[in-house]
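Numbers here are sequence positions counted from 1. Read the numbers this way: they start at 1 and go in the same order the structure lists the ligands and their atoms.
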Amino acid sequence: MRGVNGYRFMKFSFRHKLGASLLIVVWVLWGSIIVGDLLIPAHEPEVPAALKLVKTSPAPSTPAPSAPAGATGGQSGEGTVAALLASADAGDGKKVFKKCKACHTADKGGAHKVGPNLWDVVGRAKAGAQGYRFSGVLAGLGGAWTFADLDAFLAKPKAFAPGTKMTFAGVRKAADRAALIAYLRSLSDSPKPLP
Ligand code: HEC
């Protein structure tokens, strides 16, 4: 009986072990499936992260081409504005000036609005409009408004005169600025000679 019992026990124990190990195998397989499932969402954030990298990498390169474009507006202002002014049309500039009208008058003796009257501004001392309170920034620029300085200022006022109270983004197109400056030049009894 003992032996039978022992056998039975062994048999049971063997079966139990077999069952247990089968269970373990099933668990391991099942577990690996769960882990595998867990790994997939774990991988997913990596994919958008990688995508983000792809997405963000053109982002810094997008301002990059515009930065040299802005730089050329300011840097080669002298040459560019001179070349563009030669063929610029003050009539076109008058249309561009619509952007300025909210803050500036253009007629002789016109009132100052948010910004100063711009009659005869070309060649005039910077911050030189009589009876207008300029910011310290503009007053501190010094010198007269040359064609090149106007070009650089109007391209990006905040870059040319950091802290200026002229809250205007700028006229991006060089041709539009040239036309605008040609118009500003025409606002005079004796327009300054072209550069
Ligand atoms: C939102 C209002 C606003 C707009 C729009 C605006 N300006 Fe101005 N502008 C000002 C202010 C304010 C100042 C004085 C800036 C300072 O003192 O810092 C100024 C100053 C200037 C000056 C310097 C004048 C001087 O006597 O030194 C020029 C030139 C000028 N603006 C041209 C323009 C032109 C051209 C446009 C249109 C493309 C324009 N502004 C659009 C508000 C404006």
Side-chain angles (χ1 to χ4, degrees), residues 55-56 58-195:
K55 270 185 188 171
T56 46
S61 69
T62 339
S66 68
T72 41
Q75 276 171 9
S76 57
E78 195 90 40
T80 313
V81 78
L84 288 172
L85 268 172
S87 57
D89 179 19
D92 289 341
K94 194 174 181 177
K95 286 177 202 150
V96 181
F97 191 76
K98 282 182 187 163
K99 295 181 182 190
C100 325
K101 276 188 166 173
C103 303
H104 293 286
T105 56
D107 52 320
K108 190 178 185 175
H112 299 316
K113 292 164 81 178
V114 175
N117 168 258
L118 291 178
W119 176 262
D120 214 11
V121 72
V122 176
R124 185 172 72 193
K126 286 176 187 137
Q130 293 296 308
Y132 179 83
R133 282 191 66 172
F134 285 92
S135 66
V137 177
L138 222 74
L141 285 176
W145 279 118
T146 62
F147 291 101
D149 281 357
L150 275 172
D151 186 54
F153 177 63
L154 295 175
K156 221 174 190 184
K158 290 222 145 48
F160 185 83
T164 178
K165 59 175 180 170
M166 174 154 143
T167 48
F168 178 74
V171 181
R172 293 194 72 174
K173 278 189 179 175
D176 284 351
R177 288 199 306 275
L180 182 63
I181 294 164
Y183 172 67
L184 291 177
R185 174 178 173 264
S186 76
L187 305 174
S188 176
D189 290 327
S190 51
K192 304 293 175 293
L194 286 171

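- Polar contact with ligand 1: present for T164 (N/O pair, distance under 3.5 Å).
- In this structure D107 satisfies the salt bridge (charged side-chain N to carboxylate O under 4.0 Å, His left out) test with no other residue, sequence neighbours excluded.
- Atoms of ligand 1 lying under 4.0 Å from at least one heavy atom of V171, given by number and element, are 38 (C).
- When each atom of ligand 1 is checked for a heavy atom of F153 under 4.0 Å away, the hits are 21 (C), 22 (C), 28 (C), 30 (C), 31 (N).
- Using a non-hydrogen distance threshold of 4.0 Å, R124 registers as a contact of ligand 1.
- Checked by distance only, ligand 1 and R133 stay at 3.5 Å or farther apart across all their nitrogen or oxygen atoms.
- Residue, atom and distance of the protein heavy atom nearest to atom 5 (C) of ligand 1 are K99 O, 3.4 Å.
- With rounding to the nearest 0.5 Å, the separation of CG in L154 from CG in L184 is 6.5 Å.
- Counting atoms of ligand 1 from 1 in the listed order, those under 4.0 Å from a heavy atom of T167 are 1 (C).
- Nearest heavy atom pair, residue R177 against residue V171, reads NH1-O, 2.9 Å.
- Annotation: the span from K158 atom NZ to F153 atom CZ amounts to 9.0 Å, rounded to 0.5 Å.
- Within the 3.5 Å criterion, the main-chain N or O of N117 finds no donor-acceptor partner in the side chain of H104.
- Ring geometry for Y183 versus F97: interplanar angle of 30 to 60°, hence tilted.
- At least one heavy atom of L154 sits under 4.0 Å from some atom of ligand 1.
- Taking every heavy atom of A127 and a limit of under 4.0 angstrom, the matching atoms of ligand 1 come to 25 (C), 26 (O), 27 (O).
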Carefully, step by step, assess D120 and K108 under the rule salt bridge (Lys or Arg N to Asp or Glu O under 4.0 Å). CA-CA 8 Å; D120 214 11; K108 190 178 185 175; over 6 Å; no
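- Here the side chain of S186 pairs no donor or acceptor atom with the backbone of A90 at under 3.5 angstrom.
- Within 6.0 Å of NZ in K113 there are more than 12 heavy atoms belonging to other residues, nucleotides or ligands.
- If you check each of W145, Y132, Y183 against atom 14 (C) of ligand 1, the one with the closest non-hydrogen atom is Y132.
- Per-residue contacts place L180 under 4.0 angstrom from the following atoms of ligand 1 (heavy atoms of the residue considered): 35 (C), 38 (C).
- A donor-acceptor pair under 3.5 Å is formed between the side chain of R185 and the backbone N or O of K192.
- For the atom pair CG (L180) and NZ (K99), the distance works out to 9.0 Å, reported to the nearest 0.5 Å.
- Closest heavy-atom contact between W119 and R124: O-NH1, 3.0 Å.
- Under 2.8 Å from atom 8 (Fe) of ligand 1, one finds the following protein N/O/S atoms: H104 NE2, M166 SD.
- Interface of S135 with ligand 1, defined as ligand atoms under 4.0 Å from a residue heavy atom, comprises 16 (C), 17 (O), 18 (O).
- The proximity of V96 to ligand 1, defined as any non-hydrogen pair under 4.0 Å, does not occur for either the backbone or the side chain.
- Remark: ligand 1 and K126 share no N or O pair separated by less than 3.5 Å (distance only, no angle test).
- Of all the heavy atoms of L150, the ones lying under 4.0 Å from any atom of ligand 1 belong exclusively to the side chain.
- Once rounded to the nearest 0.5 Å, the distance linking CG of D92 with OG of S87 reads 10.0 Å.
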